[in-house]
Amino acid sequence: MEQIENFLKENSINLPNNFRVKEEVLKEAELLISIRRQLHLFPELSFEEFETAKFIVLKLKEFGYKETELQEKVAKTGVVCILKGQRNSNGPCIALRADMDALPIQETINCPEIYRSKNPGKMHACGHDGHVAILLIVAKILFNLKDKIKGSIKFIFQPAEEGLAGAKVMVNQGVLHLPIGSIANPDLLTSQQIIDETENVKAIYGLHLWNTQQPGTIGVAPGAVTANSDRFTIKIIGVAGHASMPHQTVDPIVIAANLVLSLQTIISRNIDPMDAAVITIGKIEGGNAFNAITDEVQIGGSLRAMKIQTRDLMRKRVEQICESFGVAFGAKIELDYRIGYPSVINYEEETKIIRNAAEKVVGKEFTTEPSRSLVGEDFSFFMERIPGSFVFVGSSPSPQPTQHPHHSPLFDIDESSLFVGASLFLQLIEDLLIN
């Protein structure tokens, strides 16, 4: 124990005073931190997580999992692993999920060299490296407890959460119901496997390290906890010309400037002020010379709302504004609108179960309402099929939780949150399949 305490001190990891760390997790402190930092060193983008997947498989095999208990290349780069309890095979199959992809962001935070990103223009700026580290450690600990487990656990390492709906691909390939070896290949099923309920998931749980909450807190709530999240691209096609003769052109930059402002009036003048909704323009591209009017501008943005009805109204208004601007300014405007992630809606019973586990880990006072936002999260695709719950583990490295938010090039986490997340998942499985 002294060695572990020294390790935590040397790495400036201070476990929250209210936190009842699971002893099995504490024993894996060095491995937990080293896995997270190794993944942070080599971030990979959505559906490109090839080395990340290899690393996950390598670790699972080191922990004792057999080739027949693993399946690679699910949804291209995902990994799925099954642990069947030896105490009683008649218990339920519970799934735990971790997303694994990074973002196309150049890391600028002055974090220690030992885990600063070595992949230019790529960064784990949302905590997914921590999610994978947590799930791997939990998989290791539970492997050594399998003789006490009644039921089974399916560990889902999911690619492409950041906008490309990796969860939806996995669900469509049968990750929740098909046995290892036949996910995305149902023709390989034997008659015995078809009636095998040990790999047919009954409930799924996920967590997100959350920098708008302090370490030692777990945000848990039933109902909607993330927003419906869509994206759009608007192409404005005008008429190019000389900067000194704008009357001979149709200037798409001027149109774009007006259009961006008009889109914001959807929120301020069309949406009930009591509804949560936001439109964000994240990208404008157009022009390449100071003395020329370009012929094309592209605008990229996202649209988020907690209610489906609000999302539908916002989409309708975006379409109407684009159409009317084309007429008003004499330009051709093309709208490419893409429906994105549905809202994550936590089930009542599963949320009660994980809330109970959270209270055992951090105490009732620190098991709180999540710090809500209008983020999108593709965990929703799992819960369109089966019950589950998704929670938020506080990970802010700063007393001001919003100082360096998710998707910032200055993003980092308080690594004590990894111990909270791993302890939560372990307590959850103990409550469901061991005690």
Side-chain angles (χ1 to χ4, degrees), residues 13-19 36 40 97-99 101-103 105 107-109 111 123-134 161-163 205-229 267 275-280 282 302-306 341 343-346 351 354-355 358-359 361-380 389-425:
I13 299 171
N14 300 306
L15 300 182
N17 293 331
N18 63 294
F19 171 42
R36 183 260 164 168
H40 197 90
R97 171 269 206 169
D99 41 9
D101 55 329
L103 286 153
I105 295 173
E107 188 169 48
T108 59
I109 186 172
C111 63
M123 176 191 177
H124 272 295
C126 203
H128 297 185
D129 50 342
H131 302 168
V132 174
I134 288 168
E161 187 279 331
E162 297 289 358
Y205 295 88
L207 62 77
H208 206 301
L209 299 177
W210 208 234
N211 273 20
T212 57
Q213 293 174 198
Q214 291 294 336
T217 64
I218 300 175
V220 185
V225 292
T226 71
N228 297 280
S229 176
I267 303 299
D275 285 351
V278 66
I279 293 177
T280 297
S302 64
L303 180 157
R304 302 163 190 268
M306 295 300 288
Y341 298 167
S343 177
V344 171
I345 303 176
N346 284 339
T351 301
I354 199 166
R355 179 188 292 278
E359 290 177 356
V361 170
V362 298
K364 195 168 186 177
E365 179 183 354
F366 297 93
T367 302
T368 64
E369 282 282 314
S371 177
R372 294 179 185 269
S373 72
L374 293 175
V375 297
E377 166 60 62
D378 72 349
F379 192 81
S380 53
S389 191
F390 189 77
V391 303
F392 300 85
V393 175
S395 56
S396 174
S398 166
Q400 293 80 37
T402 58
Q403 184 175 5
H404 300 309
H406 294 259
H407 294 207
S408 163
L410 296 171
F411 176 86
D412 201 359
I413 61 168
D414 185 318
E415 290 182 315
S416 69
S417 61
L418 303 176
F419 295 84
V420 178
S423 294
L424 174 64
F425 269 167

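Predicted, not measured: the structure shown is a model, and the values here were computed from it.
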Closest approach of F379 to Y205 (non-hydrogen atoms, all atoms of both residues): CZ-C, 3.6 Å
F19 vs V361, side-chain contact (heavy atoms from CB on, under 4.5 Å): CA-CA, chis, key distance, verdict: CA-CA 6 Å; F19 171 42; V361 170; 3.4 Å; yes
Which residues share a salt bridge (Lys or Arg N to Asp or Glu O under 4.0 Å) with D101, sequence neighbours left out: none
N/O donor-acceptor pair under 3.5 Å between Y341 side chain and A227 backbone: no
Residues in salt bridge (Lys or Arg N to Asp or Glu O under 4.0 Å) contact with E415, at least two apart in sequence or another chain: R36, R37
Heavy-atom pair with the smallest gap, counting every atom of N211 and D412: ND2-O, 2.7 Å
Pairing residues for E369 by the salt bridge (Lys or Arg N to Asp or Glu O under 4.0 Å) criterion, not counting sequence neighbours: R372
For N346 against A221, the heavy-atom pair lying closest together: ND2-O, 2.8 Å
Check: T280 side chain, G282 main-chain N or O, donor-acceptor pair, under 3.5 Å: no
CD1 on I218 to OG1 on T367, rounded to 0.5 Å: 5.5 Å
Trace of the side-chain contact (heavy atoms from CB on, under 4.5 Å) decision for I354 with L424: CA-CA 8 Å; I354 199 166; L424 174 64; 4.2 Å; yes
Considering all heavy atoms, the nearest M306-N228 contact: O-ND2, 3.1 Å
Donor-acceptor pair, side chain of D414 and main chain of S395, under 3.5 angstrom: no
From CA spacing to verdict: side-chain contact (heavy atoms from CB on, under 4.5 Å), V362, T217: CA-CA 7 Å; V362 298; T217 64; over 6 Å; no
Closest contact, heavy atoms only, L103 versus C126: CD1-CB, 4.2 Å
Residues forming a ring-ring contact (aromatic ring centres under 6.0 Å, His included) with H208, sequence neighbours excluded: H128, H131, W210, H406
Side-chain (Q213) to main-chain (S371) donor-acceptor, under 3.5 angstrom: yes
N14, CG: over 12 other non-hydrogen atoms inside 6.0 angstrom: no
Salt bridge (Lys or Arg N to Asp or Glu O under 4.0 Å) partners for E377, two or more places apart: R97
Criterion side-chain contact (heavy atoms from CB on, under 4.5 Å) on F411 and M123, from CA distance to verdict: CA-CA 9 Å; F411 176 86; M123 176 191 177; 4.0 Å; yes
Where A102 and E162 come nearest, the two heavy atoms and their spacing: O-CG, 4.1 Å
Residue pair R355 / P222, side-chain heavy-atom distance below 4.5 Å: yes
Nearest-0.5 Å distance that lies between atom OG in S417 and atom CG in L15: 10.5 Å
Donor-acceptor under 3.5 Å (T226 side chain, V344 main chain): yes
Side chain to side chain contact (heavy atoms under 4.5 Å, CB included) partners for S229, two or more places apart: R304
